[in-house]
Number of protein chains: 2
Amino acid sequence: MAKQKKQPRPKAETPKGFRDYFGAEVVERQAMLRKIAEVYHRYGFDPLETSAVETVEALGKFLPDVDRPNEGVFAFEEDDKWLALRYDMTAPLARVAAQFRNDLPAPYRRYTQGPVWRNEKPGPGRFRQFYQCDADTVGAPSVAADAEICAMLSDCLEAVGIERGDYVVRVNNRKVLNGVMEVAGLSGDDKEAERGIVLRAIDKLDRLGEQGVRDLLGEGRKDESGDFTRGAGISPENAETIIAFVQATAGDNETTLANLDRLTEGSEVGMQGVSELRQIADLLAAQGYGPDRIIIDPSVVRGLGYYTGPVYEAELTFDVQNEKGQTVQFGSVAGGGRYDDLVKRFTGQEVPATGVSIGVDRLLAALRATGKIKGEDAGPVIVTVMDRDRMADYQAMVATLRNAGIRAEVYLGNPKNFGNQLKYADKRRSPVAVIQGSDEAARGVVQLKDLVLGAKLAQDASLEEWKSQPAQSEVATGDLVTEVQAIIARHQ
Amino acid sequence: MAKQKKQPRPKAETPKGFRDYFGAEVVERQAMLRKIAEVYHRYGFDPLETSAVETVEALGKFLPDVDRPNEGVFAFEEDDKWLALRYDMTAPLARVAAQFRNDLPAPYRRYTQGPVWRNEKPGPGRFRQFYQCDADTVGAPSVAADAEICAMLSDCLEAVGIERGDYVVRVNNRKVLNGVMEVAGLSGDDKEAERGIVLRAIDKLDRLGEQGVRDLLGEGRKDESGDFTRGAGISPENAETIIAFVQATAGDNETTLANLDRLTEGSEVGMQGVSELRQIADLLAAQGYGPDRIIIDPSVVRGLGYYTGPVYEAELTFDVQNEKGQTVQFGSVAGGGRYDDLVKRFTGQEVPATGVSIGVDRLLAALRATGKIKGEDAGPVIVTVMDRDRMADYQAMVATLRNAGIRAEVYLGNPKNFGNQLKYADKRRSPVAVIQGSDEAARGVVQLKDLVLGAKLAQDASLEEWKSQPAQSEVATGDLVTEVQAIIARHQ
């Protein structure tokens, strides 16, 4: 201890890119995650909580030619092993699925919720620690598993408070794209570069428009700055096929699927992909999930490069103002798909898997944007301290309130300045202040100050209204609970 | 991707000292934490979730003379700063209380729940990541804050399922010990070493017995191996005072406090300490917390070295078998106390604080020991797949069950071998298997297999009982929900 005194005072600061969460932020996120967990659980998914720390080897971030792993993870060496904080929930699932493959049920449905860490440059709204909330089915080759996750995703959104009609789950299939590529003459190992260009091009449809994508599929495209991006160099006719694929979405699944039938004709993998989408649509229809909730939509291209089969994305369709004040659709809050090499890296065995990740912060922002959550926690009733000697009486009052389920506390700062007690109550967003001096105690009464009404009156009421609706009232001490409950109920 | 193939396969293993939590382990811990959070919240405490990562400087683990911090933390260097995973919840609270001192309400009551990380040698049942669940009041000098936390701790234990009578919260006060030390001639800067020996000696009362402690207070003690521990060297009369202090606990608070009055006579700090304990007892009595729940107990010595005022500890008093098969009291599950230098390290300003930490794993173990939680999650109803072509029908059934709030899933593995489907249902602890072949479908019925009853019958029932209580029954498809609910209810 003596040594510490010589050191300069440490700075009280959150490390760069990290943040703290207070009060309502914690409560609201937990409430949302709990509702999602309930849906996941009802669908038969089991919770899994892996440790935050993994071996770098298991995370697949090991680079033999550098001193330390640095591909976006926070890593440290312990006992001659490099360990790192998990950067997502999929890598730990792969490790668990391999490590416990003889004990886990097959298929293994698991959900998980918790923080992940990314060693990336932080930016506005981009933090180095954030929550993920995933559900995956490991070991189920059938697209029934994909359909189930789409239905579950739809249920999750409604469970947290997104109204039906305010969201849509869009489903596409990597195999259909592969088939379309084949039809467009882009199959074969020697066309890998071209396929990459096509994937990147269609991913930019939103930004570049149809002509921009067409340019990238053909010779290439010069952007506004004059920079030239080389294109895939495919014929206009074949480019047409690709464009038709991303624009194949019709108002109903039947028409969309018929469009895709036409575009994949002659490609085995393509026809298999369309057949899978048709099965998914049928399975969902049988469960009552129509196109008002889940639609087949070949314009979903995000993740097509990563996934191997069906991909799905949940979008919120209501309008919000973006940072520039423009009205835009809220957009994507969740996505996922099928990937087949989950466990292979560990065991050599291919295990099919499909899963979804809900963007916790995005979905919370959406609930705030729609007013479903308010960012405010209900403050406690404050029992003020008029006579320091009567602390036992105040504690007894507060115990009575708590025993009735009311959030309540005694003011525990220095009670000398009564104004400070009311300022404290304001800061805590307290609905009611309870006041009892020795005079009131002798008469067996307490004063109740309705702080919500008080704040309103102070803001905009005329004197007449103030008189007709007194923000402070005297009640019998025996009626404390019922009177406080009545005031709280008045403002709900 | 091509490069990765050359690398050897990574090992699928949890890093040493870390573990994964599956199913019921996750659900039960979360349920317990939620109940505790509800109590904390009702007492007016606000949730706080700090980032897992802190600067090493803020954690107070910076050692200028070594390459890297190694005092029990997992640390890593980023952007020329040493960061580390938090090792408890108090250091981050200190940082937050200093960083946000102008914005936070004063007093600031906060609770927090989450994992902490210790870079220590793992052992049986000792992991490098585990949960903490703390509540602290910062900026309240009054012992009313300590009394409140004791009452809250009592409420928490009952909220998670510990029966009244099966626990006791014991309260002591560092100031009383200081006073007793003074009376025993151990005050003054030159007696720091002796006071340290006394603290360590009384902490060993349980293990060494009264005579052992007496030896350590006097000349010293030779243990069984012959090793000699030097004692504090105080006179037998003064040692008597110390011994009387740790044995001052009587059956009721009044007698205990009278004993302490006698032992601290003449010491200002000691008399203040007893007065504080008397206030705590009075405040708790006013709230209805008698000695059946919370008692003044000077034999509580754990933490006396660390804390500066009242200390408290919750013990479970029922018997369990320890690893050696001996019957012992379950023991401590939570503890805390008052500490006054929380924020000082950052700002130079002394801020009083008091708080409690509940041992999450210990309390979970206690709930398991008393049978309050079973370590088993309710498995889903399994809708089996008899005809692969009729997957849509099975999905519709499962949707009907889920919409009625029943946890249910369709078997998504290879349906060829029906035995595997039932094995899967067993592994999932499924209560009911739903079976519908084409014959049953044509007749508008389903078979329901009561798997709980089936398991019981397979284990120990005679053929007659089997016949009178058929584990499999045929019901109309329209009655699926009510019949499944009836079977589940039967086994609850």
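As a basis for the values below, the full set of heavy atoms in this structure was taken, side chains included, without hydrogen atoms, waters or symmetry mates. We name chains A, B, ... by the order of the sequence lines, and we start the count at 1 in each one.
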Pick one of side chain, backbone, both or neither for [X], based on which atoms fall under 4.5 Å of a heavy atom in chain B.
X: A/Arg101; answer: neither
X: A/Ala106; answer: backbone
X: A/Pro105; answer: both

Non-hydrogen atoms of chain A under 4.5 Å away: do they reach the side chain of [X], the backbone, both or neither?
X: B/Arg388; result: neither
X: B/Arg128; result: side chain
X: B/Glu148; result: side chain
X: B/Thr347; result: backbone
X: B/Lys11; result: both
X: B/Tyr411; result: side chain
X: B/Tyr40; result: neither
X: B/Leu104; result: both

Could you tell me if the side chain of [Y] sits less than 4.5 Å from the side chain of [X], heavy atoms only?
X: A/Arg428; Y: B/Asp46; answer: yes
X: B/Arg29; Y: A/Glu49; answer: yes
X: A/Leu48; Y: B/Val26; answer: no
X: B/Arg109; Y: A/Leu412; answer: yes

Task: Cation-pi check, B/Arg402 onto A/Tyr43 ring (under 6.0 Å, within 45° of axis) - done: yes
TODO: Look at the rings of B/Phe76 and A/Phe74 and say which category their plane angle falls in: under 30° parallel, 30 to 60° tilted, over 60° perpendicular.
DONE: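 Answer is tilted, since the angle falls between 30° and 60°.
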Open item on the list: Other residues, nucleotides and ligands only: do more than 12 of their heavy atoms fall within 6.0 Å of NZ on A/Lys423?
Closed with: no
Open item on the list: Tell me if the CZ atom of A/Arg429 is crowded by more than 12 foreign heavy atoms within 6.0 Å.
Closed with: no
- [ ] State, without any angle test, whether B/Glu13 and A/Thr55 hold a side-chain donor-acceptor pair at a distance under 3.5 Å.
- [x]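 Short answer, no.
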TODO: Among the options A/Ala52, A/Ala285, A/Ala37, A/Ala97, pick out the one with the most heavy-atom pairs lying under 4.5 Å from chain B.
DONE: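 Result: the option with the highest number of such pairs is A/Ala52.
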